[in-house]
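Worksheet for the structure shown next.
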Amino acid sequence: MADSINIRALAAKVLAPLLRQHGSLSTHLPDALEHCPPQDRALLQQLCYGTMRELFRLQALTAQLLKKPFKTQDMDLQALLLIGLWQLRSSRIPAHAALNETVEATLVLNKEWAKKVFNAVLRRYQRERDNIEQALAKDPCFTWNHPQWFIDKLSHNWPNQWQAVLEANDQQAPLTLRANTRHQSRQSALEQLAAAGIPADPCRFSTTGLTLQQAMDVNAIPGFSAGRLSVQDEAAQLAAQLVAAQPGERILDACAAPGGKLCHLLETTPGLQDVVAVELEPARAQRITDNLQRLGLELECRVLTADASSREWWDGHAYDRILIDAPCSGTGVIRRHPDIKWLRRGDEIAALAQVQLNILTNLWSMLKPGGRLVYATCSIFSQENERIIERFLQQQQDARHHTIDAEWGEARPVGRQLFPEIGGHDGFYYAVLNKTALNETTDNTIV
């Protein structure tokens, strides 16, 4: 079989376990890329990400086109059909090539009996596309390409923004970088990229951020391997300026993987007394170490594999600043991880919220009086964001909310909410709290 046909089959093998709710793109795709011919890796990624990005529309189409759904043991065929429909509907791949190579991929999956089914279904979609899609026009999951629970929850939380958020979620995110100001200014980075024929624009809100006009392999970006640049969305880059660490302070970054915010803190504030990063999963903790080493910062931070909701790892010395990048639904970064909207379930949000509150409550006891805590999530649901902070403030008499005075995001009663923007930053939430003496009641504003 030709390599291009095998790529469709390989993509189907990546997506089949996801359709069964097993794993994610980040767990299954890397191994497939290892076994993929280098010249076809971009196509494999395109097929997997593109199909998952439009999954709810594609699932609705298969329900219309198939007389009966595939059996569980044939989920690779379901994945392959979704891939075929995505190519016909949304890719630049010529229709005849997409159809023929997808049909032939059934043979690679050792399911020759499905070849006639695929040929009939895909050709029918070509012929009757307008009528088929018109019949689905009243289905919200088809129209908005998200699960019903997500649409309902988002429209309830954000009645004025939900449609724009759903539209942004379906767009490919830009490639945004962070200039390492220990080695170069952002302007210098922009000039070096321009000289290499890589046009980029400065971010609006992050003073270290720049966005490439066209995405590319990061290893081909001048200065990346040398640690002068790192990949980080603009919204995530705002954490360092909110923490506002000062030389000589003790800093804790909890739930720190993969370490982008931690590295940014170290880049911008040399001379910190002690920096600790805590991460629960060993594999994710190793990613922090890898990033620190790439940037030459491994001697400036201790990485602990531990549970941020426990106290077993703490040495008893309080911190001046704490950053909590709380585990969350990830609903603000769906455009980067499109499988989130398929893998996440609405009933998981309450459990996540309890974990977030537990971590916040536990780490608060490790903060010095007068210290600052920054709470962050990449979620767009208030249940994980402002409601957590409101509950916490009701429980902690020595906690004070500090207003964030900024041009980015939307001011909330507590904290600020960023929504994903087409061509711009991800969805994110930030709140800043200060620990005071019990008799202190002033509310400061962070600029």
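Counting begins at 1 with the first residue of the sequence.
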**Prompt:** Would you say Cys301 and Val276 make side-chain contact, with heavy atoms under 4.5 Å?
**Reply:** no
**Complete:** Those residues at least two apart in sequence (or on a different chain) that pass ring pair (Phe, Tyr, Trp, His ring centres under 6.0 Å) with His264 are none
**Item:** Side-chain heavy atoms of Cys48 within contact of Leu44, under 4.5 Å
**Value:** yes
**Minimal non-hydrogen separation, Arg336 against Tyr49, with atom names** = O-CE2, 3.6 Å
**Request:** Applying side-chain contact (heavy atoms from CB on, under 4.5 Å), name anything that partners Arg345, two or more places apart in sequence or on another chain.
**Result:** Gln21, Asp347, Glu348
**Prompt:** What pairs with Tyr429 under ring pair (Phe, Tyr, Trp, His ring centres under 6.0 Å), at least two apart in sequence or on another chain?
**Reply:** none
**Complete:** On a heavy-atom basis, the closest approach of Gly409 and Leu418 is CA-CG, 4.0 Å
**Item:** Close side-chain approach of Cys263 and Ser230, heavy atoms under 4.5 Å
**Value:** no
**Request:** Scan Arg186, Arg178, Arg228 and name whichever one has a salt bridge (charged side-chain N to carboxylate O under 4.0 Å, His left out) with Glu267.
**Result:** Arg178
**Request:** Verify, without hydrogens or angle tests, whether Thr143 (side chain) and Ala137 (backbone) share a donor-acceptor contact under 3.5 angstrom.
**Result:** yes
**Asked** Minimum heavy-atom separation for Ser24 to Asp339, with atom names?
**Response** CB-OD2, 3.3 Å
**Prompt:** Taking it one step at a time, do Asp325 and Lys261 satisfy salt bridge (charged side-chain N to carboxylate O under 4.0 Å, His left out)?
**Reply:** CA-CA 9 Å; Asp325 191 2; Lys261 301 177 187 68; 2.7 Å; yes
**Request:** Looking only at non-hydrogen atoms, find the nearest pair between Ala200 and Leu212 and report the distance.
**Result:** CB-CD2, 3.7 Å
**Prompt:** Can you name the residues that form a ring pair (Phe, Tyr, Trp, His ring centres under 6.0 Å) with Phe150, not counting sequence neighbours?
**Reply:** His146, Phe381
**Item:** Residue pairs involving residues 67-77 (criterion salt bridge (charged side-chain N to carboxylate O under 4.0 Å, His left out); sequence neighbours excluded)
**Value:** Asp74-Lys111, Asp76-Lys111
**Message:** Can you confirm whether Arg8 sits close enough to Gln87 that some side-chain heavy atom of one is under 4.5 Å from a side-chain heavy atom of the other?
**Reply:** yes
**Message:** Check this for me: does any side-chain nitrogen of one of Arg89 and Glu133 sit under 4.0 Å from a carboxylate oxygen of the other?
**Reply:** yes
**Asked** Where do Leu265 and Ala240 come nearest, in terms of heavy atoms and distance?
**Response** CD2-CA, 3.9 Å
**Item:** Any donor-acceptor pair under 3.5 Å from Gln237 side chain to Leu177 backbone
**Value:** yes
**Asked** In chain order, what residues pass the ring pair (Phe, Tyr, Trp, His ring centres under 6.0 Å) check against Phe392, with sequence neighbours excluded?
**Response** Trp364
**Prompt:** Are Leu363 and Leu252 side-chain neighbours, meaning at least one heavy-atom pair lies under 4.5 Å?
**Reply:** yes
**Request:** Of all the heavy-atom pairs spanning Ala308 and Ile359, show the shortest one and how long it is.
**Result:** CB-CG2, 4.0 Å
**NZ/NE/NH1/NH2 to OD/OE distance under 4.0 Å, Asp170 and Arg335** = no
**Passing candidate, side chain to side chain contact (heavy atoms under 4.5 Å, CB included) with Arg416, options Phe428, Tyr430, Trp408** = Trp408
**Asked** Would a 4.5 Å heavy-atom cut-off, applied to side chains only, mark Gln59 and Gln78 as touching?
**Response** yes
